[in-house]
> 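The structure's right below; bear with me while I get my questions together.
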Amino acid sequence: RQGAIFINTARGSVVDEEALLQAIDDKQLRVGVDVYAGEPSEPDAEFASPVALHTDTVATHHVGASTSQAQDAVGAVLVEVIASFSSSGTADTMVV
């Protein structure tokens with residue numbers, strides 16, 4: 001839709017970035033992103049995202065996980081994982 005707003009704070013790989021860039025230009029899509037396809041795994045690696053560099057994009061670098069609400073949620077899950085592992089020897093929320 002012309003002038004719509006798109007926000008992605010989940011995973012960069014769920015978005016076709018070429019199509020997103022096209023929509024920004026063709027449909028005046030307004031974009032806010034905190035994650036990108038092909039993010040480097042090393043903290044000091046070079047990274048340049050065409051989406052992040054686009055003038056019609058508001059781009060941050062994984063600050064969504066830096067909020068106090070996000071940190072509280074991580075702490076709560078961690079407590080659940082430790083309790084589960086202590087009682088059963090497995091952690092139900094493990095990501096492999």
> For the pair Ser84 (side chain) and Glu80 (backbone), establish whether a donor and an acceptor sit closer than 3.5 Å, ignoring hydrogens and angles.
no
> Any sub-3.5 Å donor-acceptor pair from Asn8's side-chain atoms to Arg11's backbone N or O?
yes
> Taking all non-hydrogen atoms of both residues into account, name the closest pair between Leu53 and Ala48 and its distance.
CD1-CB, 4.2 Å
> Can you give me the closest heavy-atom contact between Ser49 and Glu17, atom names plus distance?
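Scanning both residues completely, I find the closest heavy atoms to be OG-OE1, 4.3 Å.
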> Do Val15 and Val33 belong together in a cluster built from hydrophobic side chains that touch within less than 4.5 Å?
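Shared cluster, yes.
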> Let me check something: do Ile24 and Tyr36 share a hydrophobic cluster, defined by ILVMFWY side-chain heavy atoms less than 4.5 Å apart, either directly or through other members?
yes
> Assess whether atom CD of Gln28 is packed by more than 12 heavy atoms of other residues, nucleotides or ligands within 6.0 Å.
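Correct, the count exceeds 12.
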> Look up atom CD1 in Ile7 and atom CZ in Arg30, then write down how far apart they are to the nearest 0.5 Å.
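Rounded to the nearest 0.5 Å, the CD1-CZ separation comes to 10.0 Å.
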> Should Asp56 and Val31 count as side-chain neighbours, where that means a heavy-atom distance under 4.5 Å?
no
> How about Val51 and Leu21: do any of their side-chain heavy atoms sit closer than 4.5 Å?
yes
> What distance separates Leu29 CG from Gln2 CD, expressed to the nearest 0.5 Å?
9.5 Å
